[in-house]
Amino acid sequence: MADILTPALGESVTEATIAKWTKKVGDAVKKDELLVELETDKVSLEVVAPADGVLGAINAAEGDTVVPGTVLGSVTEGGAAAAPAAAPAKAAKGEAKAAAAAAASSIDITVPVMGESVAEGSMGKWLKKSGEAVKKDELLVEIETDKVAVEVSAPADGVLTIAADEGATVTPGQKIGSVSGSGAAAAAPAAAPAPAAAPANSGSAQVSKNETLSPAVQRVVAENNLDPKAISATGPKGNITKGDAIAAIGAAAAAPAPAAAPSAPRALAPREERVKMTRLRQTIARRLKESQNTAAQLTTFNEVDMTNVMALRAQYKEVFEKRHGVKLGFMSFFTKAVVAALQEIPAVNAEIDGTDIIYKNHYDIGVAVGTDKGLVVPVLRDADTLSLAGIEKGIGALGKAARDGALTMDQLQGGTFTITNGGTYGSLMSTPILNAPQSGILGMHNIVQRPMAINGEVKIRPMMYLALSYDHRIVDGKEAVTFLVRIKELLEDPQRALLDL
């Protein structure tokens, strides 16, 4: 038996939360297979199986807090499961044989030809679920293209297996599911609902006209207030086609409008949902509030004309990408401008430690990255030594690692200044909160075409608002404004950087 242990969590990280187990007790596992995900207040960690075998025990459930060295569970080494699994083994063999036989006789469901010049479509909602019994020619799913909606029916009686989910992009001839050729597999699921199939033909007609409407037919019916029972069906198995629904619109228009039915009462459902915050979200909340409570935060604003930077980028972006293998973005220009301004105004690159001020002679720039789990700020080391291409490559690698949850502790610590770009989400203006213990953070925003007075004339220019939040305990207003003006000058006239002006 091999224990599953909580690994070391990194410097200054003393505990973690069980986020998710990927296996259940009794499941077979392979050595180095992912078993459990841990969340700390900084990064997510993965714990893998220490050996081949069966997951014998789970000692810490999802949501539990654990510390390094905690035994999370154990793996019983060897390929066989424990004794209690012996009894179901024979049944499992029989099921495997039956499944193999069913698979051998299955019929693929493929995407039909969708019309001239139509190369792909999007999967609509499946009207049946995997494992449900279906009848030949029964409508299963509708594929929507940019021109038409194509209905796909069951090729035979049997049990459905879905291979393409709703919303997936598919092409003609692609397999989107299969139907087992054996009716035996469908017998067990159908046994319980069998008594419900007893009603007369009128009941079955009502089901085919109401419960199995394709999404396209449902839209026509809903938008035109049609009664499915009153529509003549010409499709297979008595299904209503889109053409049937459209033909019924004219008939409905000629008939007198029925009295408005009373609106149905709102379905009773929870009006609120309580979800526990992840450890990362708790840490973000705590650190931001601590920053507000500790520093004397103040924000100053300016605006920058992005005309020259945008023209420079447009002129060289293709050559730049071919030469360096990375796209030329705005972040590299802003990082260069920030480093130059920090060198001129060192107080913005400093921090307070008790009654001392620590001036940093290195320029490690934090870049705020939004992920599904929350905001993280990986650090681009020694930005003053990097070229535009080096900055773009570094920021790209950090962003990918952040979104993949692969950042290390070293990549998240030690920044001297932070840049956050709310413009990627459409933000016009904001007041960013300091990333303690740093003394400054620059907020970039959306580029908007605005009328500006240029040499006595009104011209339309691409403008961006800049926001510098700073710790007023160490940075004076004059220094903050000078810092922001310096960035504005370098961006509006990029040649200044080349001449060191």
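Both backbone and side-chain heavy atoms feed into the values below; hydrogens, waters and symmetry mates do not. Along the sequence shown, residues are numbered consecutively beginning with 1.
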Query raised in the report: Is it true that a side-chain atom of Thr17 and a backbone atom of Thr65 form a donor plus acceptor pair closer than 3.5 Å?
Result: no
**Report entry** Flag side-chain contact, heavy atom, 4.5 Å: Pro7 against Val47
**Finding:** yes
**Report entry** Side chain proximity check, Leu342 to Ile365, heavy atoms < 4.5 angstrom
**Finding:** yes
Report task. Examine the side chains of Asp137 and Ser153 and answer whether a donor and an acceptor come within less than 3.5 Å of each other. Result -> no
Query raised in the report: Are the side chain of Glu62 and the backbone of Trp21 linked by a donor-acceptor contact shorter than 3.5 Å?
Result: yes
Query - Contact check, side chains of Ile109 and Pro155, non-hydrogen atoms, under 4.5 Å - result: yes
Query raised in the report: Distance-only, no hydrogens or angles: does the Thr416 side chain make a donor-acceptor pair with backbone N or O of Tyr363 under 3.5 Å?
Result: no
Query raised in the report: Would you find more than 12 non-hydrogen atoms of other residues, nucleotides or ligands less than 6.0 Å from Glu290 atom CD?
Result: yes
**Report entry** Residues Glu392, Lys327: salt bridge by 4.0 Å N-O rule
**Finding:** no
Requested in this report: Side-chain contact test, heavy atoms from C-beta onward, threshold under 4.5 Å: evaluate it for Ile441 versus Ile433 and give yes or no.
Outcome: no
Report task. May I ask you to say whether Asp364 pairs ionically with Arg381, meaning some side-chain N is under 4.0 Å from a carboxylate O? Result -> yes
Query raised in the report: Is there side-chain contact between Arg403 and Val369, with at least one heavy-atom pair below 4.5 Å?
Result: yes
Query raised in the report: Does any N or O in the side chain of Gln297 come within less than 3.5 Å of the main-chain N or O of Ser291, such that one atom is a donor and the other an acceptor?
Result: yes
Query raised in the report: Between Asp64 (side chain) and Ile18 (backbone), is there a donor-acceptor pair under 3.5 Å?
Result: no
Query raised in the report: Is there side-chain contact between Phe330 and Asn421, with at least one heavy-atom pair below 4.5 Å?
Result: no
Query raised in the report: Of Ile419, Thr420, Thr418, which meets side chain to side chain contact (heavy atoms under 4.5 Å, CB included) against Pro432?
Result: Thr420
Query raised in the report: Under 4.5 Å between any side-chain heavy atoms of Ile4 and Val75, yes or no?
Result: yes
Query raised in the report: Can you find a pair of side-chain heavy atoms, one from Val111 and one from Ile176, that are under 4.5 Å apart?
Result: yes
